Amino acid sequence: MSTLFATNRVFKQGPTPRQGDTLILPRAVDFELSNNQAEQSIYFCDRLDQDNYQEIGSWEFFRRLDEDTATDILFYIHGYSSLPEPAAFRRTQELQQLFELTDRSRKVLVIPLIWPCDNDLGLVKDYFDDQKAADASDMSFMRFFEKFFQWLRERIQPGNAPFTKKLHVLTQSMGARVLVGAISRAVYYYQTAGFPQIFSNVFMAAPDIVNEALEFGQSGQHLPGATQNLIIYHAADDWALTASIAANIFGLVASKRLGQKGPENFERIPDNVFAFNCSDFNNTYDRLAGHRYFGALPNQPTQPGLLFRHMQLCIERQQVIIPIGSRTATLEPQLWS
């Protein structure tokens, strides 16, 4: 099944070829997996099949999103140690299948945004290598959003129907660093009045950023303003995030992670930020690390898990599913039963 995606991974074929100011596209491309350098360019592509990719360019990419029958688009930014094949694309397909198997009023299209994870072994070493690649990806994914804004501006012509699809983001683990960095860079270079509120929901599963990040003056201060709702899923016994703290002890910020305890202080962050404790089930879904718990039920690939079900209902009902008057809760079926 064809899957649109964007990436700043290095291609064996090199940067997009040009003839004058014209890009020579489409072209067949292959990932250079041994090179985890974060490209400053962003490539807009189509996965035709496993290990069969084509770069199509930003205009064609956004045109296809616009013409798709989906009502909602979910940009998925994967976590650490997730190479394109099989990890990132397989997870994308799992999410897409879960949306499609459940008969809902809204059709969701999942679009992966792929950044250059390393393929080394070793949990702490891999985390530190990937952290550098995630941080270095901020410029290229800033360009992703700016290309989208440019496409929207150029698309506005008399007779054109408005772009009405709801946009959402799901970050997993270190993918939160990519999103936070991209929006921060966009505000610094382009959106100086503040990043526009283009997202309906930003879902952050096990975010690997410090738990003060969303406060004013911190790295993620602009993220709440970019979305109607910012929804955080956390678990205290997420051992991969414990490894993240270990990787950051050596001269960097060794603070609690947002994906472990949720926000440090709700009084210091905007009212559209919500947090859900997933400690009751995260290690049931991911016995190795309690870190990847946002997809299907354990050993039931066609049945949505608790986090996925909650995320789906938030998209479907266009509101955060949480007890009235609360900004934090334990994630359990009783929330929506």
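Being a predicted model, the structure only gives us computed values, none of them experimental.
Under a hydrophobic-cluster definition in which Ile, Leu, Val, Met, Phe, Trp and Tyr are linked whenever side-chain heavy atoms come within less than 4.5 Å, directly or via other members, Leu113 and Phe149 are assigned to the same cluster. Both Trp336 and Phe276 are part of a single hydrophobic cluster, where members link through side-chain heavy atoms under 4.5 Å apart.
Taking a 4.5 Å side-chain heavy-atom cut-off between Ile, Leu, Val, Met, Phe, Trp and Tyr, the cluster of Val10 contains only that residue. Members clustered with Tyr188: Met139, Met142, Tyr189, Tyr190, by chain and number, using a 4.5 Å side-chain heavy-atom cutoff among hydrophobic residues.
Judged purely by atom type and a 3.5 angstrom limit, Arg143 has no side-chain atom pairing as donor or acceptor with the backbone of Ala182. A distance-only check finds a donor-acceptor pair linking the side chain of Thr92 to the backbone of Ala88 [under 3.5 Å]. In this structure, Lys165 contributes its side chain and Asp68 its backbone to a donor-acceptor pair below 3.5 Å. Thr7 contributes a side-chain N or O that, together with a main-chain N or O of Ile114, makes up a donor-acceptor pair within less than 3.5 Å. At distances below 3.5 Å, at least one donor-acceptor pair connects side-chain atoms of Asn35 with backbone N or O atoms of Gln37. Between the Lys256 side chain and the Val210 main chain, no donor and acceptor come within less than 3.5 Å of each other. Not a single donor-acceptor pair under 3.5 Å links the side chain of Glu60 to the backbone N or O of Ile56. Remark: side-chain polar atoms of Asp135 are not paired, donor with acceptor, to backbone N or O of Gly181 under 3.5 angstrom.
In Gln334, the CD atom is crowded: over 12 heavy atoms of neighbouring residues, nucleotides or ligands sit closer than 6.0 Å. Remark: Arg106 CZ is packed, more than 12 non-hydrogen atoms of other residues, nucleotides or ligands lying under 6.0 Å away.
The two residues Ser137 and Trp115 make their nearest non-hydrogen contact at OG-CB, 3.8 Å. Heavy atoms only, all atoms of each residue included: Arg155 and Phe163 are closest at NH1-N, 3.6 Å. What you find for Ser41 and Ser140 is that their closest heavy atoms are O-CB, 3.5 Å.
Partners of Thr16 according to the side chain to side chain donor-acceptor pair (under 3.5 Å) rule, which considers only residues two or more places apart in sequence or in another chain, are Glu55. By the ring-ring contact (aromatic ring centres under 6.0 Å, His included) test, Tyr53 is found to be paired with Phe5, Phe31, Phe89, residues two or more places apart in sequence or in another chain being considered. Residues passing the ring-ring contact (aromatic ring centres under 6.0 Å, His included) test with Phe61, sequence neighbours excluded: Phe44.
At a threshold of 4.0 Å, the pair Arg177-Asp138 does not count as salt-bridged, since none of the basic side-chain nitrogens sits closer than that to a carboxylate oxygen. Taking a cutoff of 4.0 Å between a charged side-chain nitrogen and a carboxylate oxygen, Asp286 and Arg292 do not qualify as a salt bridge.
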Assess the residue pair Glu67 and Arg64 against the criterion (salt bridge (Lys or Arg N to Asp or Glu O under 4.0 Å)); give the C-alpha distance rounded to whole Å, side-chain angles, the decisive distance to 0.1 Å, and a yes or no. CA-CA 5 Å; Glu67 294 184 355; Arg64 293 191 194 181; over 6 Å; no

I would like to know whether His310 and Tyr233 meet side-chain contact (heavy atoms from CB on, under 4.5 Å); could you show each step before the answer? CA-CA 10 Å; His310 183 263; Tyr233 301 101; 2.8 Å; yes

Steps toward side-chain contact (heavy atoms from CB on, under 4.5 Å) verdict (Cys45, Phe11): CA-CA 12 Å; Cys45 305; Phe11 286 138; 3.8 Å; yes

I'd like to know whether Lys132 forms a side-chain contact (heavy atoms from CB on, under 4.5 Å) with Asn36, so could you lay out the CA-CA distance, the side-chain angles of the two residues, the decisive distance to 0.1 Å, and finally the verdict. CA-CA 10 Å; Lys132 292 183 289 185; Asn36 74 322; over 6 Å; no

Check the pair Leu65 / Ile111 against side-chain contact (heavy atoms from CB on, under 4.5 Å), numbers first and verdict last. CA-CA 9 Å; Leu65 290 188; Ile111 303 293; 3.7 Å; yes

What pairs of donor and acceptor atoms, side-chain ones from residues 298-309 against any protein atom, are under 3.5 angstrom apart with sequence neighbours left out?
none

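In this structure, a donor-acceptor pair under 3.5 Å is present between the side chains of Gln13 and Asp30. Residues Gln150 and Glu154 have side chains that bring a donor and an acceptor to within less than 3.5 angstrom of each other. Side-chain polar atoms of Lys107 and Thr69 form a donor-acceptor pair below 3.5 angstrom. A side-chain N or O of Asn211 and one of Glu264 form a donor-acceptor pair less than 3.5 Å apart. Checked by atom type, the side-chain pair Asn282/His291 shows no donor-acceptor distance below 3.5 Å. For the residue pair Asp208 / Ser173, no side-chain donor-acceptor distance below 3.5 Å is found, with atom types taken as modelled. Side-chain contact check for Ser34 and Glu32: at least one donor-acceptor pair (N or O, by modelled atom type) lies under 3.5 Å. For the residue pair Asn272 and Asn229, no side-chain donor N or O sits within less than 3.5 Å of a side-chain acceptor on the partner. A donor-acceptor contact under 3.5 angstrom links the side chains of Ser2 and Asp46, judged on distance only. If you check the side chains of Glu100 and Gln96, you find a donor sitting under 3.5 Å from an acceptor.
Between Leu241 atom CG and Gln260 atom CD the span is 5.0 Å, to the nearest 0.5 Å. Summarising the geometry, atom CH2 belonging to Trp151 is positioned 12.5 Å from atom CZ belonging to Arg153; distances are rounded to the nearest 0.5 Å. Expressed to the nearest 0.5 Å, how far CD1 of Ile269 lies from CZ of Phe274 amounts to 10.0 Å. For the atom pair Gln318 CD and Ser105 OG, the distance stands at 8.0 Å (nearest 0.5 Å). Atom CD1 of Ile73 sits about 9.0 Å away from atom NE2 of His168, to the nearest 0.5 Å. Note: Phe148 CZ to Ser58 OG = 11.5 Å, rounded to the nearest 0.5 Å.
Classified by interplanar angle (parallel below 30°, tilted 30° to 60°, perpendicular above 60°), the ring pair Phe144/Phe141 is tilted.
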